[in-house]
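Working notes, structure below.
All of these numbers come straight from a predicted model, not from anything done at the bench. Just follow the structure's listing: the first ligand is 1, and inside any ligand the first atom is 1.
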Amino acid sequence: MGFQDILEEIHSKLRDAPHKGVVASYIPELGKVSIKNLGICLLTLDQEEYGVGEFQTPFSIQSISKVLSLTLALNLIGTEVWKRVDVEPSGDPFNFLSLLELERGIPRNPLINAGAIVISDILYSNLKNPKEDFLNFVRELANDDTIDYNLDVANSEKKTGFRNVAAANLLKSFNNIQNNVDDVLDFYFHQCSLTMSCSQLNKTFFMFANSGKSIAGKTYLNPSQVKRMNALMITCGFYDEAGEFAFEVGLPGKSGVGGGIVAVHPGKYSIATWAPGLNVKGNSLLGMQALEMFTTKTGLSIF
Ligand code: GLU
């Protein structure tokens with residue numbers, strides 16, 4: 001069976017699933033998306049693409065952007081990043097605050113909200129035009145100039161992102177935010193509002209499967225940095241369900257509350273899914289099932 005047939009079989013099994021999870025609505029703009037969307041896209045290392053369903057429809061990538069902001073921070077200041085944020089799984093929801101108090105303002109890892117807000121602060125200090133420069137970086141990684149922020153989503157989160165405001169202020173009280181809190185949050189909300197399709201996500205994440213070299217052939221991370229990024233994704237990429245994702249799917253990856261998941265098999269492929277209904281842990285319900293079916297059917301997990 002070829003990859004296209006496998007994706008089609010998975011899609012036809014899941015598209016009419018009675019339980020699709022719940023679309024996130026704590027950011028009101030995200031709640032407007034239809035739960036019926038289901039896209040799956042595979043990009044192999046030799047740049048063959050296979051896709052089914054809504055794999056070319058752009059959606060809000062939300063926390064998936066945290067991998068990209070960390071990549072840029074590593075590009076800019078290297079291992080200095082690890083003085084400001086740890087690399088341990090949190091085992092807690094993405095917006096949990098009590099650990100931050102307990103660990104005196106050093107977030108558990110860069111893929112939870114508090115960690116990503118510190119990374120945003122680092123980028124804010126090191127980029128001339130933070131929003132523009134970050135967007136250009138992502139466009140360059142994906143080799144696609146059409147990728148953009150969704151300002152309705154960014155503004156919607158700005159109005160309701162109370163827990164992120166609390167986290168940023170707590171970080172500031174521990175001197176782990178150097179810039180103005182509102183400026184850093186505005187930048188963070190813009191990153192989360194990045195809009196991409198499954199196809200574009202695969203192209204952007206291609207370098208994590210390809211030893212740090214992007215789809216256009218430019219090297220952004222050295223092999224040791226790629227190893228670390230993939231280690232972080234597998235241990236911290238799925239909120240407090242990273243263990244379950246490794247157990248069921250067996251790939252490094254990252255999810256977002258917009259219902260997207262992107263995962264990579266180093267040396268082999270990148271795969272992305274979009275199904276906006278989330279499970280109770282905040283991960284795409286059908287996306288996780290689709291990826292579990294894919295690695296089980298093909299035997300292509302890293303374990
Ligand atoms: N912008 C979202 C927030 O900060 C991202 C959450 C996510 O996708 O995990 O709440």
Side-chain angles (χ1 to χ4, degrees), residues 21-33 58-70 85 89-97 99-100 107-121 123 131 134 138 149-171 177 181-196 198 201 204-205 232-233 235-242 244-245 253-263 272-285 287-288:
V22 180
V23 177
S25 57
Y26 77 101
I27 301 172
E29 203 61 27
L30 295 184
K32 296 181 179 169
V33 173
F59 60 91
S60 189
I61 73 164
Q62 291 296 320
S63 273
I64 297 174
S65 64
K66 294 177 166 84
V67 177
L68 308 175
S69 50
L70 176 61
V85 56
S90 70
D92 284 312
F94 62 94
N95 56 5
F96 210 62
L97 292 179
L99 263 181
L100 203 53
R108 267 287 164 113
N109 67 67
L111 303 185
I112 53 171
N113 285 7
I117 292 169
V118 169
I119 299 298
S120 298
D121 184 59
L123 294 183
K131 285 188 236 176
F134 178 70
V138 174
Y149 299 124
N150 179 330
L151 299 185
D152 291 336
V153 173
N155 290 329
S156 181
E157 185 166 10
K158 213 170 178 176
K159 288 189 194 126
T160 56
F162 306 114
R163 296 190 71 87
N164 289 323
V165 174
N169 280 291
L170 201 51
L171 289 163
I177 294 282
V181 165
D182 290 339
D183 293 340
V184 173
L185 281 173
D186 177 61
F187 180 37
Y188 168 77
F189 294 145
H190 274 77
Q191 291 163 39
C192 292
S193 82
L194 270 180
T195 298
M196 285 191 213
C198 293
L201 267 179
T204 314
F205 274 66
L232 274 168
M233 282 195 257
T235 52
C236 312
F238 295 86
Y239 315 118
D240 50 339
E241 209 174 25
E244 181 74 12
F245 191 85
K254 182 73 196 90
S255 66
V257 293
I261 299 179
V262 58
T273 59
W274 178 46
L278 308 181
N279 65 18
V280 285
K281 299 285 175 80
N283 290 307
S284 168
L285 186 82
M288 267 181 84

Can you list the atoms of ligand 1 that are under 4.0 Å from a heavy atom of [X]?
{"X": "Tyr239", "answer": "7 (C), 8 (O), 9 (O)"}
{"X": "Val257", "answer": "6 (C), 7 (C), 8 (O), 9 (O)"}
{"X": "Asn164", "answer": "3 (C), 4 (O), 10 (O)"}
{"X": "Cys192", "answer": "1 (N)"}

Any nitrogen or oxygen of [X], main chain or side chain, under 3.5 Å from a nitrogen or oxygen of ligand 1?
{"X": "Ser63", "value": "yes"}
{"X": "Gly256", "value": "no"}
{"X": "Lys66", "value": "no"}

message = Looking at ligand 1, would Phe189 count as a contact under a 4.0 Å heavy-atom criterion?
response =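 So Phe189 does not count as touching ligand 1.
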message = Evaluate Tyr188 against Asp121 for side-chain contact (heavy atoms from CB on, under 4.5 Å), listing each step before the verdict.
response = CA-CA 9 Å; Tyr188 168 77; Asp121 184 59; over 6 Å; no
inquiry  = Go through it in stages, so that I can follow the logic: the residues are Asn113 and Ser63, the test is side-chain contact (heavy atoms from CB on, under 4.5 Å), and I'd like the CA-CA distance, side-chain angles, deciding distance and then a yes or no.
reply    = CA-CA 8 Å; Asn113 285 7; Ser63 273; 4.1 Å; yes
So which bit of [X] gets within less than 4.0 Å of ligand 1, heavy atoms only: side chain, backbone, both or neither?
{"X": "Arg163", "value": "neither"}
{"X": "Ile64", "value": "neither"}
{"X": "Asn113", "value": "side chain"}

inquiry  = Does either side chain, that of Glu29 or that of Asn150, offer a donor lying less than 3.5 Å from an acceptor on the other one?
reply    =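 No, because no side-chain N or O of Glu29 sits under 3.5 Å from a partner of the opposite role on Asn150.
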ask   = Just checking, any donor-acceptor pair under 3.5 angstrom between side chains of Ser120 and Gln191?
value =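 Yes, Gln191 and Ser120 have a side-chain donor paired with an acceptor closer than 3.5 Å.
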message = Let's go through Lys281 and Phe238 carefully: what are the C-alpha distance in whole Å and the side-chain angles of both, what is the deciding distance for side-chain contact (heavy atoms from CB on, under 4.5 Å) to 0.1 Å, and is it a yes or a no?
response = CA-CA 8 Å; Lys281 299 285 175 80; Phe238 295 86; over 6 Å; no
Tyr239 six-ring face occupied by Lys254 cation (under 6.0 Å, within 45°) =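 That pair qualifies as a cation-pi contact.
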ask   = How would you list, by chain and number, every residue that makes a side chain to side chain contact (heavy atoms under 4.5 Å, CB included) with Asp186, sequence neighbours excluded?
value =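 Per chain and number, Asp186 pairs via side chain to side chain contact (heavy atoms under 4.5 Å, CB included) with Lys131, Lys158, His190.
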key: ring pair (Phe, Tyr, Trp, His ring centres under 6.0 Å) partners of Phe134, counting only residues at least two apart   =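 Partners of Phe134 by the ring pair (Phe, Tyr, Trp, His ring centres under 6.0 Å) criterion come out as none, since no residue qualifies.
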